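Predicted model, so just to flag it, every value in this text is computed and none were measured. Note that these values count all heavy atoms, side chains included, but never hydrogens, waters or copies made by symmetry.
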Amino acid sequence: MPRHVAVILDGNRRYAQENGMPKLEGHRKGIEKIGEMLQWCMDSGVRELTLYCLSTENFDRDQKEVDYLFKLLRDKIKSFSSDKQIHDNKVRIKVVGRLSLFPDDIRGEMEKVMGETAPYTDYTLNLAMAYGSRAEIVDAVKNLVESGEEITEDALGDRLYVTSDVDLLIRPGGEKRISNFLLWQNSYSEIIWVDALWPAFSKEDFDGCLSEFKNRQRRYGK
C-alpha cells in the first residue's frame, strides 16, 4: 500500500462542459471531491495525500475565473477549522506553494488552519496552491545556500515544500504529463493515468489505482 499518494486535479472545466454546466461550476465540483478523496485514502491506510489544486500558471487565466477559484479555496480552507473529518482523524493540513501570491485574507485562513492542525500526526493533507515544482526547487536551493550547510540531496530535500517522496501519482482527466508537479518527490513514484475527469473520479477508480500499484514491481532504478 502506498504511504504517500499525490493527485493532479485535472478536468474540472471539461467536466462542466460535458455536463452542461457553467464552466466555473466544474471547479466547485472539483473542490467538493477533496473530502471524499481524503476519506478514501484514510480508509485504505494511505498516510499522506498531496493535491495539486492551483498552479502558478493558473493565475494567468481570465480574472473572473481566478477570482472564483480564490473564493472556492478561501471557503474550503476556512471550513477545515470546524471539519470533523479533519479533527477527529487528526489530519495535519499544509498549504504549500508561493503563498505570497494570494490576497491577505486567504493567506490568513491558510495560516490559521495550518496552525490549528500542526500538532496532528496521524495523517497529512498537502494542498499545493500557487505551486510550481521548479519554483519549489529554486526556493529550496536558495534556502540551503543561505544556511551555509553542505549541499546534499538530503539537505535539499528537507527544504522542499513537501519533504516526503511520493509512492503513487494519479492523474485523472486523460492527460499523460506531470505538469511541473513534485518533480523531485516523484523521482521513483508509480504513475497511473485515469481517463475519468477529476470531479467524476470515483472510489472504484481509486481502488483500481491501488490494485495496479500493488501489482507493480518497484525497482527504484536498480
Side-chain angles (χ1 to χ4, degrees), residues 1-16 18-19 25-55 72-73 75-96 113-114 116-117 120-129 131 161-176 178-179 181-182 185-186 188-216 218:
M1 189 62 64
R3 185 190 181 283
H4 184 181
V5 171
V7 186
I8 299 173
L9 312 188
D10 190 27
N12 293 337
R13 294 187 294 182
R14 282 178 286 156
Y15 176 87
E18 290 180 6
N19 288 274
E25 184 70 7
H27 293 306
R28 187 178 68 80
K29 291 291 187 181
I31 291 292
E32 290 174 352
K33 181 66 65 174
I34 290 175
E36 292 181 65
M37 185 69 194
L38 175 61
Q39 190 62 55
W40 300 337
C41 283
M42 293 189 297
D43 291 345
S44 301
V46 175
R47 292 292 174 177
E48 185 167 5
L49 173 64
T50 302
L51 302 178
Y52 199 4
C53 301
L54 190 69
S55 71
L72 287 174
L73 294 172
D75 292 346
K76 183 62 177 178
I77 292 167
K78 187 175 182 179
S79 74
F80 286 140
S81 290
S82 57
D83 191 331
K84 283 180 61 62
Q85 182 191 40
I86 297 298
H87 299 288
D88 288 353
N89 292 287
K90 300 288 190 270
V91 180
R92 182 183 183 186
I93 295 176
K94 297 175 65 178
V95 186
V96 299
V113 77
M114 285 193 284
E116 290 171 343
T117 62
Y120 297 159
T121 58
D122 288 4
Y123 301 96
T124 300
L125 173 62
N126 302 310
L127 302 172
M129 300 184 186
Y131 176 88
Y161 304 152
V162 177
T163 57
S164 61
D165 288 342
V166 174
D167 298 303
L168 171 61
L169 171 65
I170 301 171
R171 179 162 189 160
E175 303 289 353
K176 294 179 174 63
I178 58 175
S179 299
F181 181 49
L182 301 176
Q185 299 89 337
N186 276 311
Y188 291 105
S189 66
E190 298 297 319
I191 302 176
I192 298 179
W193 320 106
V194 180
D195 288 333
L197 303 174
W198 167 245
F201 187 78
S202 67
K203 178 68 161 54
E204 290 71 26
D205 291 321
F206 181 60
D207 288 343
C209 292
L210 294 182
S211 178
E212 182 173 343
F213 176 87
K214 287 187 285 187
N215 286 326
R216 292 188 182 183
R218 304 188 73 193

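Classification of the Phe201-Trp40 ring pair by plane angle, with boundaries at 30° and 60°, yields tilted.
The only option from Asp10, Ile170, Val7 that meets the side chain to side chain contact (heavy atoms under 4.5 Å, CB included) definition with Trp198 turns out to be Val7.
Nearest heavy atom pair, residue Asp167 against residue Phe213, reads O-CE1, 3.3 Å. Heavy atoms only, all atoms of each residue included: His4 and Thr50 are closest at NE2-OG1, 2.8 Å. Listed here is the closest heavy atom pair of Tyr161 and Lys94: O-NZ, 3.8 Å. Residue Val91 comes nearest to Met42 through the heavy atom pair CG2-SD, 3.9 Å, listed as atom of the first residue, atom of the second, then distance. Shortest non-hydrogen contact noted between Leu49 and Met37 is CD2-CG, 3.9 Å. When every heavy atom of Met129 is checked against every heavy atom of Cys53, the shortest pair comes out as CG-CB, 4.1 Å.
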task: Begin with the C-alpha distance, continue with both residues' side-chain angles, and end with the deciding distance and a verdict on side-chain contact (heavy atoms from CB on, under 4.5 Å) for Val162 and Glu48.
output: CA-CA 10 Å; Val162 177; Glu48 185 167 5; 4.2 Å; yes
query: Would Cys41 and Tyr123 satisfy side-chain contact (heavy atoms from CB on, under 4.5 Å), going step by step from the backbone distance to the final call?
result: CA-CA 9 Å; Cys41 283; Tyr123 301 96; over 6 Å; no
query: Step by step, would you call Arg171 with Ser179 a side chain to side chain donor-acceptor pair (under 3.5 Å)?
result: CA-CA 10 Å; Arg171 179 162 189 160; Ser179 299; 2.7 Å; yes
message: Set out, in order, the CA-CA distance, both residues' side-chain angles and the distance that settles side-chain contact (heavy atoms from CB on, under 4.5 Å) for Lys29 and Asn12, then state yes or no.
response: CA-CA 7 Å; Lys29 291 291 187 181; Asn12 293 337; over 6 Å; no
task: Assess whether side-chain contact (heavy atoms from CB on, under 4.5 Å) is satisfied between Lys76 and Glu32, documenting all intermediate values.
output: CA-CA 9 Å; Lys76 183 62 177 178; Glu32 290 174 352; over 6 Å; no
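With values rounded to the nearest 0.5 angstrom, Cys209 atom SG is found 4.5 Å from Ile192 atom CD1. Note: Ser79 OG to Ile34 CD1 = 9.0 Å, rounded to the nearest 0.5 Å. Here the CG atom belonging to Leu127 is positioned 9.5 Å from the CE atom belonging to Met114, to the nearest 0.5 angstrom. Atom CD1 in Ile178 sits 10.0 Å away from atom OH in Tyr52 (nearest 0.5 Å). Annotation: the span from Leu38 atom CG to Leu51 atom CG amounts to 8.0 Å, rounded to 0.5 Å. Here CZ of Arg28 is found 11.0 Å from CD1 of Ile31. Values are rounded to the nearest 0.5 Å.
Checking side-chain atoms of Asn186 against main-chain N and O of Leu182 turns up a donor-acceptor pair under 3.5 Å. A distance-only check finds a donor-acceptor pair linking the side chain of Gln85 to the backbone of Gly35 [under 3.5 Å]. Checking side-chain atoms of His87 against main-chain N and O of Thr117 turns up no donor-acceptor pair under 3.5 Å. A donor-acceptor pair under 3.5 Å is formed between the side chain of Asp205 and the backbone N or O of Ser202. Although no hydrogens or angles enter the test, the distance criterion places a donor-acceptor pair under 3.5 Å between the side chain of Arg47 and the main chain of Asp122.
Looking at Leu210 and Leu168, their side chains come closer than 4.5 Å, going by heavy atoms from C-beta outward.
Counting non-hydrogen atoms of other residues, nucleotides and ligands closer than 6.0 Å to CG of Asp195 gives a total of 12 or fewer.
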